[in-house]
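Since this is a predicted model, take the numbers as computed values, not measurements.
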Amino acid sequence: MDHAATRRVVVLTGANEGIGHHMLRTLLDDGYRVAGLDIDVSNLEPLQDAHPDSLRYHECDVTSDADVQAAVDAVLDEWGRIDILVNNAAILHFGFFEDQTLDDANTVFDVNVFGYLRTIHAVLPHMRARNVGIIHNVSSGVGLVGNPGLTGYGASKGAIEAFTKSLRLELQDTGVAVTVMHPRLAATRSALDLGYPDSQLRDPTDVGRKLARKIESRKPVVFTDRVTRLGLWAAQRFPFLVRRGTRRFVEEHEAAPPADAR
């Protein structure tokens with residue numbers, strides 16, 4: 001049997017940049033077959049020549065039922081299996097709640113929550129039929145402890161935390177595991193826009209590589225490393241740390257002119 005045909009298959013959303021892109025590259029180096037899904041695939045196209053048998057990419061808007069189903073069907077048609085799904089695609093709109101519209105919240109939830117639900121809904125019947133699989137839902141500490149100016153993003157990640165716990169319970173007697181992944185704060189485009197100190201930001205290459213190396217984990221929560229786990233524990237146990245660490249966002253908002261005067 002062709003060895004390539006037996007290698008495990010990973011579907012990864014949000015694969016074109018940031019942590020997701022570096023997860024994809026590490027998975028390819030480690031011998032997985034990977035289907036990268038993203039609305040922009042410009043960074044995936046150059047990798048195709050280097051990994052002709054292991055990489056497929058699909059332009060996919062996770063807010064589109066048709067796009068998601070077409071991408072999943074294409075993977076199954078060619079490779080015949082999906083062993084692992086990593087839901088990583090997400091958007092972040094910074095802004096205090098009073099300055100945002102409900103349309104802003106709808107947009108964030110359509111990607112960060114319903115985008116996850118769409119891909120799971122498309123992949124789960126295949127995993128259930130085989131009675132094996134892993135679904136990783138990438139979350140964020142913001143969904144557990146909050147952050148001023150990230151109400152929509154935090155709410156969407158909080159929803160994913162609750163959804164994952166419930167789905168894991170629903171599938172507890174099957175061979176399909178469901179986890180939340182908690183990356184360490186990395187110097188991605190969205191994090192850099194928030195202006196976090198460089199000392200708090202890790203290299204996305206390192207974060208993506210570490211998460212990729214835990215792709216086979218079936219634990220309920222998968223952390224990048226011990227620092228991430230301890231940091232989230234401390235933030236939940238001692239809320240004043242979060243208030244102190246995010247105070248500048250509140251001060252900047254209070255110092256800004258009213259929205260109707262801008």
Side-chain angles (χ1 to χ4, degrees), residues 13-14 16-21 38-40 61-63 87-117 137-164 180-204 206-208 221 223-224 227-262:
T13 71
N16 191 63
E17 63 176 307
I19 293 170
H21 185 71
D38 210 311
I39 198 167
D40 174 16
D61 182 350
V62 295
T63 69
N87 277 311
N88 172 68
I91 59 173
L92 182 156
H93 289 166
F94 182 81
F96 274 58
F97 180 72
E98 61 187 315
D99 298 329
Q100 302 242 319
T101 67
L102 292 182
D103 283 341
D104 294 329
N106 279 330
T107 299
V108 171
F109 266 71
D110 205 11
V111 175
N112 298 4
V113 178
F114 290 102
Y116 284 31
L117 271 58
N137 294 325
V138 177
S139 186
S140 167
V142 176
L144 297 175
V145 302
N147 195 107
L150 295 178
T151 51
Y153 180 77
S156 71
K157 291 303 185 179
I160 288 302
E161 294 278 340
F163 168 76
T164 302
V180 287
M181 279 188 159
H182 274 281
R184 194 166 174 182
L185 186 60
T188 60
R189 179 161 50 90
S190 57
L192 289 172
D193 287 343
L194 294 176
Y196 281 106
D198 291 343
S199 60
Q200 296 182 16
L201 302 177
R202 304 301 296 176
D203 184 347
D206 180 61
V207 176
V221 184
F223 298 98
T224 302
V227 173
T228 310
R229 183 174 70 249
L230 292 177
L232 279 175
W233 175 86
Q236 292 175 283
R237 181 68 177 81
F238 306 106
F240 76 89
L241 295 174
V242 179
R243 291 196 299 272
R244 186 173 65 188
T246 61
R247 179 66 189 170
R248 68 178 180 85
F249 293 109
V250 177
E251 292 172 348
E252 290 170 0
H253 178 70
E254 292 175 343
D260 56 5
R262 295 172 196 168

Fill in the blank from the handout: Distance col, row Glu254:CD vs Glu251:CD, nearest 0.5 angstrom, shows 7.5 Å
Fill in the blank from the handout: All heavy atoms of Gly14 vs all of Ala89, minimum pair found to be N-CB, 3.7 Å
Handout entry: Straight-line distance of Asp61 CG to Asp40 CG, nearest 0.5 Å
Key = 12.0 Å
Fill in the blank from the handout: In terms of heavy-atom contacts, Pro204 and Gly18 come closest through CB-C, 4.4 Å
Problem - Heavy-atom pair of closest approach, residues Val108 and Gly152 - result: CG1-O, 3.8 Å
Handout entry: Rounded distance [0.5 Å steps], CG in Asn112 versus OG in Ser139
Key = 10.0 Å
Problem - Spacing of OG1 belonging to Thr151 relative to CD belonging to Glu98, to within rounding of 0.5 Å - result: 10.0 Å
Handout entry: Side-chain heavy atoms of Phe223 within contact of Leu232, under 4.5 Å
Key = yes
Practice task
Without swapping roles, check the side chain of Tyr116 against the backbone of Asn87 for a donor-acceptor pair under 3.5 Å.
Solution key: yes
Problem - Distance in Å, Glu161 CD paired with Ser156 OG, rounded so as to fall on 0.5 Å steps - result: 10.5 Å
Problem - Asn147 side-chain N/O to Val142 backbone N/O, donor-acceptor pair under 3.5 Å - result: no
Problem - Interatomic distance, Phe94 atom CZ to Tyr153 atom OH [nearest 0.5 angstrom] - result: 13.5 Å
Handout entry: Sidechain-backbone polar pair: Lys157 side chain, Gly146 backbone, donor-acceptor under 3.5 Å
Key = no
Problem - Asp104-Thr101 side chain donor-acceptor pair, cut-off 3.5 Å - result: yes
Problem - Asn16 backbone acceptor or donor facing Asp38 side chain under 3.5 Å - result: yes
Practice task
Please list, chain by chain and in numerical order, all residues satisfying side-chain contact (heavy atoms from CB on, under 4.5 Å) with Ala159, sequence neighbours excluded.
Solution key: Phe109, Val113
Exercise for the section: Give the minimum heavy-atom separation between Thr224 and Thr228, together with the two atoms involved. Expected result: CB-OG1, 3.6 Å
Exercise for the section: Please state whether the rings of Trp233 and Phe238 are parallel, tilted or perpendicular, taking 30° and 60° as the class boundaries. Expected result: perpendicular
Problem - Exercise: identify the closest heavy-atom pair between Pro183 and Val138 - result: CG-CG1, 3.7 Å
Handout entry: Thr63 side-chain N/O to Asp110 backbone N/O, donor-acceptor pair under 3.5 Å
Key = no
